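Comments concern the structure below.
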Amino acid sequence: MTDRQAPRPFSVRPARSDDMVGIHAMLEPYVQRGILLGKDIVVLYEATQQFLVAEADGELIGCGALHVMWEDLGEVRTLLVSDDWVRHGVGRAIVEQLEANARALGLTRLFCLTFEVDFFTRRGFEPIGEQVVDPDVYSQLVRSPDAGIHEFLDLAHVKPNTLGNTRMLKRLV
Ligand SMILES: CC(=O)SCCNC(=O)CCNC(=O)[C@H](O)C(C)(C)COP(=O)(O)OP(=O)(O)OC[C@H]1O[C@@H](n2cnc3c(N)ncnc32)[C@H](O)[C@@H]1OP(=O)(O)O
């Protein structure tokens with residue numbers, strides 16, 4: 001006998017624009033708790049192609065995004081699974097597909113900033129302390145208006161958002 005439940009069927013697919021209102025609603029509680037960065041709905045629409053969604057019985061149950069930051073470097077963003085579905089392999093399936101997408105785009109390193117250190121460690125991410133880009137790349141990245149890149153660079157004005165988070169990196173092989 002085991003207490004592991006039978007697998008519940010779900011699928012992961014690229015997001016469509018009409019998923020964004022649902023993603024915005026799923027995101028809001030985590031923004032309130034300071035776990036994920038808040039995004040205006042217009043920013044979500046602009047990022048539609050970056051997103052994957054998980055669904056079961058036609059309902060959104062999770063999402064995650066891949067943001068390209070540099071030639072070799074991407075970031076996993078806005079990963080979440082609805083409360084009813086945590087610990088059923090949905091987060092893992094989303095991250096594995098985001099990694100496949102990253103490889104297809106030619107990326108070799110994936111960054112994330114997270115409280116979920118155990119989850120990302122099991123996915124092969126490792127904590128990093130310092131800057132992982134050279135000064136020339138840094139000087140270009142700092143020109144981006146994107147708040148996520150400011151968090152990646154650990155700029156002073158975003159430090160209140162990132163308090164207690166762990167910076168992690170995975171090398172894609
Ligand atoms: C970069 C960022 O976006 S950081 C923000 C991350 N998101 C958040 O913090 C929001 C809140 N958290 C969440 O939404 C979720 O907990 C996530 C996204 C972190 C993880 O998603 P989940 O779907 O719960 O993860 P998943 O189930 O794939 O894996 C977690 C572990 O649950 C366990 N598990 C999986 N399926 C089962 C099951 N059927 N029964 C029991 N345990 C299970 C396993 O131990 C699994 O780890 P492993 O597969 O590596 O051995």
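Note that ligands are numbered from 1 as they come in the structure, with each ligand's atoms numbered from 1 the same way. Please read all numbers here as calculations on a predicted model, not as lab measurements. The residues of the chain are indexed from 1 along the displayed sequence.
Residue-to-ligand polar distances place Arg92 within reach of ligand 1: an N/O pair is separated by less than 3.5 Å. Annotation: Gly91 places an N or O atom under 3.5 Å from an N or O atom of ligand 1; distance criterion only. Any N or O atom pair closer than 3.5 Å counts here, and Arg87 shares at least one such pair with ligand 1.
Between the side chain of Arg122 and the backbone N or O of Val117 there is no donor-acceptor pair closer than 3.5 Å. Between the Ser144 side chain and the Leu141 main chain, no donor and acceptor come within less than 3.5 Å of each other.
Contacts with ligand 1 closer than 4.0 Å are made by no heavy atom of Phe115, backbone or side chain. Heavy atoms of Val86 found under 4.0 angstrom from ligand 1 belong to the backbone as well as the side chain. Under 4.0 angstrom from ligand 1, the non-hydrogen atoms of Arg122 all belong to its side chain. Residue contacts with ligand 1, taken as heavy atom pairs separated by less than 4.0 Å, involve Arg123 solely via side-chain atoms from C-beta onward.
A salt bridge is absent between Asp57 and Arg8: the closest approach of a Lys/Arg side-chain nitrogen to an acidic carboxylate oxygen does not fall below 4.0 angstrom.
Close approach of ligand 1 to Leu80 (heavy-atom distance below 4.0 Å) involves ligand atoms 14 (O). Counting atoms of ligand 1 from 1 in the listed order, those under 4.0 Å from a heavy atom of Leu79 are 3 (O), 5 (C), 6 (C), 7 (N), 8 (C), 10 (C), 18 (C). Contact atoms of ligand 1 toward Gly89: 26 (P), 27 (O), 28 (O), 35 (C), 36 (N) (distance under 4.0 Å to a heavy atom of the residue). Atoms of ligand 1 lying under 4.0 Å from any heavy atom of Leu36, numbered from 1 in the order shown and given with element: 3 (O), 5 (C). Atoms of ligand 1 found under 4.0 Å from any heavy atom of Arg77, numbered from 1 in the order shown, are 3 (O). For ligand 1, the atoms lying closer than 4.0 Å to a non-hydrogen atom of Val90 are 23 (O), 28 (O). Those atoms of ligand 1 with a heavy atom of Ile35 less than 4.0 angstrom away are 8 (C), 9 (O). Numbered from 1 in the order shown, with element, the atoms of ligand 1 that lie under 4.0 Å from a heavy atom of Cys112 read 1 (C).
Atoms CD and CZ, on Glu55 and Phe10 in that order, are 11.5 Å from each other to the nearest 0.5 Å. The CZ atom of Phe51 sits 13.0 Å away from the CG atom of Asn101 when rounded to the nearest 0.5 Å.
At least one heavy atom of Leu113 sits less than 4.0 Å from an atom of ligand 1.
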**Report entry** salt bridge (Lys or Arg N to Asp or Glu O under 4.0 Å) assessment of Glu99 paired with Lys170
**Finding:** CA-CA 10 Å; Glu99 287 181 15; Lys170 176 172 183 173; 3.0 Å; yes
Report task. Apply salt bridge (Lys or Arg N to Asp or Glu O under 4.0 Å) to Asp72 and Arg171, showing your working. Result -> CA-CA 10 Å; Asp72 62 331; Arg171 283 189 183 280; over 6 Å; no
Requested in this report: Evaluate the criterion salt bridge (Lys or Arg N to Asp or Glu O under 4.0 Å) for residue pair Asp146 and Arg77; output intermediate values, then yes/no.
Outcome: CA-CA 12 Å; Asp146 182 273; Arg77 290 185 170 181; 2.6 Å; yes
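Shown here is Glu28, whose CD atom has more than 12 heavy atoms of other residues, nucleotides or ligands within 6.0 Å.
Cation-pi geometry between Arg123 and Phe119 is met: the NZ or CZ atom falls under 6.0 Å from the ring centre, inside 45° of the normal.
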